[in-house]
Amino acid sequence: MCGHFAINYMKFKSLIDRYGLEIMPIEEIENIFNDAHYYPSHGDSHTLVPVVLETPQGRALDYFRWDIVPAWWNKPLKEKKFSSFNARSESLLEKASFKSAWQKRKRCIIPATCFFEWPDKKLASKDAERVEYRISLADQHIFSIAAIWDQCMLPGNEILKSCTIITVDANEKMLQIPHTRMPVILAPDAESAWLSPSTPAEAAAELLRQYPAEQMISAAHY
DNA sequence: CCAGACGTTGTT
DNA sequence: GTCTGG
DNA sequence: CCAGACGTTGTT
DNA sequence: GTCTGG
């Protein structure tokens with residue numbers, strides 16, 4: 001599960017270089033990230049999150065709703081009861097909420113500097129039960145969470161673009177927390193292939209792997 | 001068949 | 001639009 | 001996780 | 001006792 005991540009504000013400015021952005025909504029950056037040190041996001045709060053994606057005009061930064069609302073959705077958002085802030089990598093082809101976006105190659109990256117997980121209640125010792133962990137990477141300040149996006153038409157002809165984080169089984173580092181799932185973090189040399197619309201879904205699926213445990217840093221977050 | 005769901009974790 | 005649960 | 005089920009077929 | 005549905 002990955003329901004909470006953050007991006008450090010000062011490092012957020014460096015997204016331009018980090019991702020080679022060609023198109024960027026400057027005003028939105030100034031407005032949304034003005035005084036914040038962190039931009040924390042929770043999957044159940046329907047917030048806008050920053051996404052990097054390839055557009056016909058070039059590599060762009062945008063803000064999509066998290067969680068994803070599939071293309072067939074046409075009712076008021078408040079009637080959406082199912083959860084879709086995470087998409088199991090194993091389910092992309094079989095779930096009605098993800099299949100279309102996945103096959104249409106609507107892939108994007110959610111930039112982050114850390115994410116948070118709680119110990120699994122069933123697996124954790126009593127001592128660990130109340131401590132949330134913050135996970136960051138030793139080899140990347142800003143890293144890329146693999147995500148897919150979609151758009152739908154809401155009542156009133158409003159177009160909504162939205163996204164979801166892809167998850168895989170936990171690696172050894174995450175199991176120590178203990179936690180059984182983790183977001184897909186792309187290696188830097190996999191980012192272009194992930195974002196490119198010319199990469200078929202079958203090839204993109206090869207990139208959905210566990211990040212190396214030895215590069216992950218977890219610390220109790222009080 | 002066909003009405004109803006459409007999702008993931010397990011402390012978002 | 002497509003899947004699934006009864 | 002934890003409460004509740006613990007079974008089968010799908011036009012008989 | 002173990003699976004599953006929410």
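Chain letters run A, B, ... following the sequence lines, proteins first, then strands; residues in each count from 1.
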Practice prompt. For A:Ser97, report the nucleic acid contact type (base, sugar-phosphate, nothing); a contact means any heavy atom under 4.0 Å.
Written response: sugar-phosphate
Discussion item. Can you tell me how the ring of A:Phe64 sits relative to the ring of A:Trp149, calling it parallel under 30°, perpendicular over 60° and tilted otherwise?
Written reply: tilted
Worksheet item: Roughly how many Å is it from CH2 in A:Trp73 to P in B:dG4, rounded to a whole number?
Response: 15 Å
Discussion item. With a cut-off of less than 4.0 Å, is there a side-chain N or O of A:His179 near OP1 or OP2 of B:dG10?
Written reply: yes
Discussion item. Check A:Arg65 with A:Glu158, please: is the shortest side-chain N to carboxylate O separation under 4.0 Å?
Written reply: no
Practice prompt. Considering only NZ, NE, NH1 and NH2 on the basic side and carboxylate oxygens on the acidic side, decide whether A:Lys161 and A:Asp150 come within less than 4.0 Å.
Written response: no
Fill in: Base-pairing assignment for E:dT4 (Watson-Crick or G-U wobble, both under 3.5 Å)
D:dA3
Practice prompt. Check every strand shown and say whether A:Lys80 touches a base, only sugar-phosphate, or nothing at a heavy-atom separation below 4.0 Å.
Written response: nothing
Discussion item. Are B:dG7 and A:Phe82 stacked, with the base six-membered ring and the side-chain ring centres under 5.5 Å apart and planes under 30°?
Written reply: no
Discussion item. Expressed as a whole number of angstroms, how long is the span from A:Trp72:CH2 to C:dT4:C1'?
Written reply: 13 Å
Worksheet item: A:Phe143 vs A:Phe115 aromatic rings, parallel, tilted or perpendicular, using cut-offs 30° and 60°?
Response: perpendicular
Worksheet item: With sugar-phosphate meaning primed atoms plus P, OP1 and OP2, does A:Ser91 contact a base, only sugar-phosphate, or nothing at under 4.0 Å between heavy atoms?
Response: sugar-phosphate
Worksheet item: Who does D:dT8 pair with, Watson-Crick or G-U, both distances under 3.5 Å?
Response: none
Worksheet entry | D:dC6 versus C:dG6 - spacing of their P atoms, nearest Å | 10 Å
Discussion item. Using the P atom as the point on both nucleotides, what is the distance between E:dG5 and D:dG7, in whole Å?
Written reply: 11 Å
Discussion item. With rounding to the closest Å, how many angstrom separate the P atoms on D:dT9 and B:dG4?
Written reply: 24 Å
Worksheet item: Hey, does the side chain of A:Thr167 come within less than 4.0 Å of B:dT9's phosphate (OP1/OP2), counting only N and O?
Response: yes
Worksheet entry | Distance in angstrom units between A:Leu92 CG and B:dG7 C1', rounded | 12 Å
Practice prompt. Let me know the distance between CE of A:Met182 and P of B:dT9, rounded to the nearest Å.
Written response: 12 Å
